Amino acid sequence: MSIEIIGFGSAQAEKCVTNADLAKAVDTNDAWIQERTGIKQRYFSVSKNTSDLASEAALMAIQDAKIDPKVIDLILVATITPDGMMPSTASLVQAKCGLNAQNCLSYDINAACTGFIVAMQNAQAMLEAGYIKNALVIGAETLSKILDFNDRTTSVLFGDGAGAIIMRKSSTKQMLHYTRSEGDVHGTLTSDGLALNPDMKYDQVSSHYLRMQGQAVFRFAVRAIEDVIINVLTQTKLEINQIDWIVPHQANRRIIEYVANKMNIDLTKFYLNLDQYGNTSSASIPIALSEMKTKGLLKEDMRVICVGFGAGLTWGGSYFES
Ligand code: ACO
């Protein structure tokens, strides 16, 4: 069955933080960050939580799709920084966007930076099974909530933001996915939750800070991206020169350059905007797609591969035709 994306949206957090701004709070400098990552700035949220950014992106996608919001019957939010443990951020989006139609289901998906790919795959499965007709799929993060600004190896990499798409059945456009995970026994990329509390203490002490073994993640990322591109091309029976865009999770320019060089793919085929936003985890791919749509870079019938990779470890890709 064919699936199409009929609307794109995104939302930016309020505070632009350049590398120079960050260097006032963290022992780092612009030259190091740009050279090792390609990041120039990122946005941190001042008053908008994940559901607020997600709702803003959702409303833009609904407007772009020119649909009656009442037809949306599935809301998925991929996030690792939900507003709270419950209700789901997707349910908050449903309320904030006035999408309380009778036949709508909302839930969150946590597959870290692969979350948006997994959410698209979930939405496609629900569409194909006939359970739903119009899916609102969002990637949204306020990662600044889990950054330890005493840890310069992680706090310089991430930013906040949200992106959204609307998916529905199509008579012509193809979509398919490839997703994988491998339980991480080494704690390569983590953020802890609440501690158990059998002694009924009043104060829970926990560290939710994002921790990362940078070089191990780098090695995993290059393997993952190559695996995704090879597998998606095999499934589609297409050659790389028939693909118009590769939209990777925007983690680090050096990772993408390494893969492009290794796989002999022209770097210009990869859409990159991480210099402006940093790594926004689940939000990075839909933010990039929305920006491409706004800039007129996603033309009719283009072939696009999106690639995600992150904690879990998880990795995956989506192929679609614009
Ligand atoms: N500013 C200045 N110096 C720094 C900083 C910083 N922000 N961070 C580390 N350094 C120093 C280190 O202390 C070290 O100094 P030393 O040589 O005196 O000991 C030196 O820079 C080199 O440190 P490394 O950790 O070896 O630096 P590396 O070249 O590996 O780059 C980086 C670090 C950028 C994190 C790299 O490992 C990387 O890109 N990894 C992948 C990370 C990633 O993309 N994660 C996200 C993917 S998954 C997801 O999105 C959740």
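Whatever order the structure lists them in is the order used to number ligands and atoms, beginning at 1. Keep in mind the model is a prediction, meaning the values are calculated, not measured. Just so you know, these numbers use all the heavy atoms, side chains as well, and skip hydrogens, waters and symmetry mates.
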Query raised in the report: Are I285 and V232 linked, directly or through other ILVMFWY residues, by side chains that come within less than 4.5 angstrom of each other?
Result: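 No.
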
If we set the cut-off at 4.0 Å for heavy atoms, which region of [X] has an atom near ligand 1: side chain, backbone, both, or neither?
{"X": "W32", "answer": "side chain"}
{"X": "L210", "answer": "neither"}
{"X": "T154", "answer": "neither"}
{"X": "N252", "answer": "side chain"}

Distance from [atom] to nearest protein heavy atom, with residue and atom:
{"atom": "atom 24 (P) of ligand 1", "answer": "Q215 NE2, 3.8 Å"}
{"atom": "atom 48 (S) of ligand 1", "answer": "L189 CD2, 3.5 Å"}
{"atom": "atom 7 (N) of ligand 1", "answer": "R152 O, 2.9 Å"}

Query raised in the report: For ligand 1, is there an N or O atom under 3.5 Å from any N or O atom of G214?
Result: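 There is such a contact, yes.
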
Relative to the heavy atoms of [X], which atoms of ligand 1 are at a distance of less than 4.0 Å?
{"X": "I255", "answer": "44 (O)"}
{"X": "R36", "answer": "22 (C), 27 (O), 28 (P), 29 (O)"}
{"X": "T153", "answer": "8 (N), 9 (C)"}
{"X": "T28", "answer": "1 (N), 2 (C), 6 (C), 7 (N)"}
{"X": "V217", "answer": "43 (C), 45 (N), 47 (C)"}
{"X": "V156", "answer": "7 (N)"}

Requested in this report: Going by heavy-atom distance to atom 42 (C) of ligand 1, choose the closest among M212, R219, H249, Q250.
Outcome: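 Heavy atom nearest to atom 42 (C) of ligand 1 belongs to M212.
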
Report task. Could you name the option among C113, G310, A112, S191 that has the heavy atom nearest to atom 51 (C) of ligand 1? Result ->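 Of the listed residues, C113 has the closest heavy atom.
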
Query raised in the report: Do other residues, nucleotides or ligands put more than 12 heavy atoms under 6.0 Å from the CD atom of Q63?
Result: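 12 or below, so no.
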
Query - NZ (K96) with more than 12 external heavy atoms under 6.0 Å - result: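 Yes, because the 6.0 Å sphere around NZ of K96 holds more than 12 heavy atoms from other groups.
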
Please check if a non-hydrogen protein atom sits closer than 4.0 Å to [atom].
{"atom": "atom 45 (N) of ligand 1", "result": "yes"}
{"atom": "atom 21 (O) of ligand 1", "result": "yes"}
{"atom": "atom 14 (C) of ligand 1", "result": "no"}
{"atom": "atom 11 (C) of ligand 1", "result": "yes"}
{"atom": "atom 17 (O) of ligand 1", "result": "no"}

**Report entry** Ion pair check, R42 and D160, cut-off under 4.0 Å
**Finding:**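 So R42 does not pair with D160 through a salt bridge.
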
Do [X] and [Y] meet the criterion of a side-chain donor-acceptor pair at a distance under 3.5 Å?
{"X": "T18", "Y": "D21", "value": "yes"}
{"X": "T81", "Y": "E141", "value": "yes"}
{"X": "S191", "Y": "H208", "value": "no"}

Requested in this report: For D64 and K293, run salt bridge (charged side-chain N to carboxylate O under 4.0 Å, His left out): C-alpha distance rounded to whole Å, both residues' side-chain angles, the deciding distance at 0.1 Å, then the answer.
Outcome: CA-CA 10 Å; D64 186 43; K293 174 79 192 301; 3.0 Å; yes

Requested in this report: Begin with the C-alpha distance, continue with both residues' side-chain angles, and end with the deciding distance and a verdict on side-chain contact (heavy atoms from CB on, under 4.5 Å) for I80 and L143.
Outcome: CA-CA 8 Å; I80 53 171; L143 290 161; 3.7 Å; yes

Query raised in the report: Does E257 offer a backbone N or O that forms a donor-acceptor pair with the side chain of N261 under 3.5 Å?
Result: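 A pair under 3.5 Å: no.
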
Query raised in the report: Among all residues two or more places apart in sequence or in another chain, which pass the salt bridge (charged side-chain N to carboxylate O under 4.0 Å, His left out) test with K15?
Result: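 So K15 forms no salt bridge (charged side-chain N to carboxylate O under 4.0 Å, His left out) with any residue.
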
Query - Geometric class of the F8/F320 ring pair [parallel <30°, tilted 30-60°, perpendicular >60°] - result: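 If you compare the ring of F320 with that of F8, the planes turn out tilted.
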
Report task. Might you work through the salt bridge (charged side-chain N to carboxylate O under 4.0 Å, His left out) test for D30 and K40, ending with a clear yes or no? Result -> CA-CA 7 Å; D30 177 50; K40 293 181 180 160; over 6 Å; no

